[in-house]
Amino acid sequence: MRLAAVDARAQALGLGPGMALADARARCPGLATLPHDPDADRGELDRLVAGMACLTPMAAADPPDGIVLDITGCAHLLGGERELAGRAAELAGYTVRHALADNAAAARALARYGTRRGQGGEDVHALPVAALELPGPALVALRCAGLYRIGDLARRPMAGLAARFGEAAVAGLRRLLGETAAPIAPHAAPVPIRAEARFAEPIARTDDVLDVIEDLLVRLERDMAARRIGGRRFVATLCRSDGARRRLAVETGQPVRDPATVMRLMRERIETLADPLDPGFGFDAIVLAVPRAEPLGTRQIELDRAEASGDSVAALIDRLGVRLGAEHVLRMAPRDRHLPEKAQALVPAATQDRGFSPPFAFRGGAGGGAARPARCPDDGPHPNPSPEAEDLSASCFDLAPVPRPLYLLDPPQPVMVVAGVPDGPPQRFRWRGKLHEVRLAEGPERIAAEWWRARGGHLPGGAGPTRDYYRIEDGAGRRYWMFRSGLFEERPNPRWYLHGLFP
Amino acid sequence: MPDLAAGHLHEIHAGEEDRAAAMAFALSAIRAGNGKAPAETPAETLAEPLFLVRWRSGSCPAVLCGEGLAMLGLAPARLVIVEAGNELELLRAGLEAARCPGVGAILLETRGRLAGYDLTASRRLALAAERTRGRVIVLRIAAAPRPSAAQTRWSVAGAPSVPLAADAPGWPAIDVELLRRRDGPAGGRWRLEWDAEQGSFRETGDETAIPGTVVALSSLRTGAAGGRSFDPRAA
């Protein structure tokens with residue numbers, strides 16, 4: 001474990017990136033650390049780059065922790081280079097160091113290795129050779145040769161440097177000196193995909209509205225095909241002449257740009273509207289936008305149309321999702337959890353894709369009864385209600401070493417049971433007013449509560465009741481899965497629940 | 001025993017407590033109909049999805065268990081669960097899935113009378129199944145049989161299993177009865193038991209006799225009359 005980044009106070013104490021955590025702790029016992037999250041760093045950097053759009057249109061990220069701004073022709077708009085630099089530091093909101101130079105590589109080197117910290121007027125030639133950012137051995141070789149500054153290198157013939165220290169040293173040097181180009185790839189805000197139609201005379205018939213939406217879709221299809229993307233969400237905004245706006249949104253499980261597919265979904269959406277489209281005095285504009293798009297290449301059509309069946313199933317899932325709600329067309333996903341009812345989750349089928357796996361996300365409250373995992377009525381309070389999406393990491397259902405039921409009752413049904421104390425199997429039980437005599441029984445299979453999830457769960461009784469599962473068969477030849485919630489030493493009179501049905 | 005052929009509509013009746021048995025029978029029929037081993041590659045598992053259309057809620061809400069499905073040899077990733085809010089939506093969703101090529105099988109899990117499921121609705125389902133060569137199975141839990149266009153109609157109930165060691169409940173065992181069949185005589189009861197080695201249900205009672213234990217009786221009695229042996233060659 002090593003330190004990835006430190007703050008100013010830690011730096012004052014002599015800590016620095018790359019130092020072993022144990023060494024740092026030995027030097028400074030009260031050190032507070034957090035795990036390094038490179039993805040979050042990248043995201044934050046992208047956010048900062050997007051925020052620089054008000055200074056210059058040519059802003060690029062310089063990973064891991066820099067931003068390059070091409071301010072050619074922009075500085076005078078803000079009153080000069082110094083003011084612009086101040087404004088950029090203000091926008092960033094962090095402790096920053098900046099440098100201005102004629103090219104991006106030199107600016108980067110000055111900002112990172114310069115000694116005058118943004119005072120300006122510093123020369124690239126005065127920088128240490130470390131500014132070339134060469135691998136360790138090459139740097140050592142340079143220093144051994146008595147070359148400490150960029151200026152020392154710049155005075156010497158390039159051919160000799162290349163022969164001794166490698167091509168990379170010369171390439172880096174030429175970039176720093178501005179002899180070769182050091183281009184940046186500026187961050188460009190994506191152009192929104194939208195099309196709109198305005199009418200001289202308002203239109204009122206639903207069929208006309210659909211025709212216009214189809215025309216707009218054909219236009220967008222061309223736009224999306226050129227960009228090689230397909231839409232996952234299409235929103236049509238109908239602007240009524242009195243100013244009211246009506247939105248029609250459809251979502252698809254796969255990126256699509258085929259107008260016919262989207263039109264089918266749009267028709268379905270209009271049919272299932274709770275209150276029908278009210279044109280009033282007519283719509284005078286229709287705007288179609290694609291707020292969510294994903295890469296979609298062109299595809300070869302198979303001669304035997306083998307591709308068609310997979311597509312038609314995806315289209316069917318989309319259609320059913322539009323009609324019944326996407327949270328009612330589900331797929332089973334295994335979860336990395338311990339309790340039987342939490343070991344699986346039902347996720348919207350449209351979010352599960354073939355080519356790539358986007359992060360699973362539950363829509364708040366929309367999951368209905370089924371998407372939420374069952375909860376045993378006397379599981380006790382859960383002090384640590386974690387988001388349910390976190391542990392959809394398991395990739396497939398493992399074959400359990402012991403039989404598992406085909407149906408899980410959700411929630412488990414309380415039953416009256418006569419059973420031996422302390423851990424005898426049930427002898428007879430009453431469920432829904434009917435008495436069942438137990439003929440065969442197997443158990444207990446003890447499943448502990450997830451003590452590592454609850455706060456204080458490692459303390460005795462802190463995690464909730466332990467479950468003892470029994471597989472039983474009654475006299476009529478039906479097999480059940482029931483459990484006693486809690487051991488006799490945990491609670492005085494543990495209750496029994498029926499949790500599953502075996503075939 | 002006739003199978004639940006593809007391209008047809010089948011009905012399975014079961015009591016409230018035998019729904020797991022009915023579901024296991026339907027799933028094993030779907031699996032046997034595929035005629036191939038359980039899919040291993042993700043591409044194959046998604047190739048032929050299985051649609052389960054069911055009520056959104058009920059008096060005794062139960063969800064299928066992925067591990068239990070895997071035990072019956074069916075990849076849970078194949079399953080697409082459609083939850084309909086009412087009877088009409090359920091039949092419409094089932095019909096639409098049946099009309100879609102590329103859907104391996106459609107299971108409609110219904111309870112109670114299901115007034116909308118009449119001759120017309122079942123005929124539509126049967127025609128859709130015929131066209132796409134899919135298999136449509138209607139599970140009718142706690143419902144009385146009604147005239148319909150189904151190819152076969154079954155009644156399924158749980159059966160006592162053969163105990164394992166230490167009086168543990170054994171492998172799944174079900175009683176099935178063929179109530180009706182369009183292309184042949186109905187009737188017939190079978191006791192099916194899960195065969196863990198083959199991964200399918202197997203009829204009990206047709207085990208081949210273990211050779212060498214019992215000598216087969218001759219069809220001709222020897223020494224019947226007056227103690228004389230009967231020589232077939234002399235006759």
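By convention in this document, chain letters (A, B, ...) are assigned in the order of the sequence lines, proteins followed by strands, and residues within each chain are numbered from 1. Just so it is clear, the structure is predicted and the values come from calculations on it, not from any experiment.
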A:E473/B:S161 under side chain to side chain donor-acceptor pair (under 3.5 Å): CA gap, chis, key distance, verdict: CA-CA 8 Å; A:E473 180 175 322; B:S161 64; 2.4 Å; yes
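- Heavy atoms closer than 4.5 Å to chain B are found in both the backbone and the side chain of A:Y407.
- For B:E89, the part sitting under 4.5 Å from any heavy atom of chain A is the side chain, from C-beta outward, and nothing else.
- Taking chain A as the reference chain and counting heavy-atom pairs below 4.5 Å, the highest number among B:D18, B:I174, B:L69 is found for B:D18.
- Each of B:P169, B:P163, B:A93 has some count of heavy-atom pairs under 4.5 Å with chain A, and the biggest count is that of B:P169.
- The cationic group of A:R471 lies under 6.0 Å from the six-membered ring centre of A:F502 and within 45° of the ring axis, placing it in a cation-pi geometry.
- Within the 4.5 angstrom heavy-atom criterion, only side-chain atoms of A:R479, from C-beta onward, approach chain B.
- Of the residues considered (B:A166, B:A20, B:G68, B:G158), B:A20 shows the highest number of contacts with chain A, using heavy-atom pairs under 4.5 Å.
- Per-residue counts of heavy-atom pairs under 4.5 Å with chain B were compared for A:L406, A:L501, A:L324; the largest is that of A:L406.
- More than 12 heavy atoms of other residues, nucleotides or ligands sit less than 6.0 Å from atom CZ of B:R181.
- Atom CZ of A:R264 has 12 or fewer neighbouring heavy atoms from other residues, nucleotides or ligands inside a 6.0 Å radius.
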Side chain to side chain donor-acceptor pair (under 3.5 Å) between B:E11 and B:S148, intermediate numbers included: CA-CA 9 Å; B:E11 279 175 16; B:S148 75; 2.4 Å; yes
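- Interface remark: B:A97 contributes backbone and side-chain atoms alike to the contact with chain A (heavy atom separation under 4.5 Å).
- Of the inter-residue distances, the one linking B:R54 atom CZ with B:R111 atom CZ reads 10.0 Å to the nearest 0.5 angstrom.
- Taking CG from A:L339 and CD1 from A:I447, the interatomic distance works out to 7.0 Å, rounded to the nearest 0.5 Å.
- Residue B:L164 touches chain A through its side chain alone, counting heavy-atom pairs closer than 4.5 Å.
- The part of B:F51 that comes within reach of chain A is its side chain, from C-beta onward, which places non-hydrogen atoms under 4.5 angstrom from that chain.
- For chain A, no part of B:A22 is nearby; none of its heavy atoms comes within less than 4.5 Å.
- The shortest distance between side-chain heavy atoms of A:F429 and A:Y480 falls below 4.5 Å.
- Ranked by heavy-atom pairs under 4.5 Å with chain A, the first of B:A168, B:G170, B:A21, B:A24 is B:A168.
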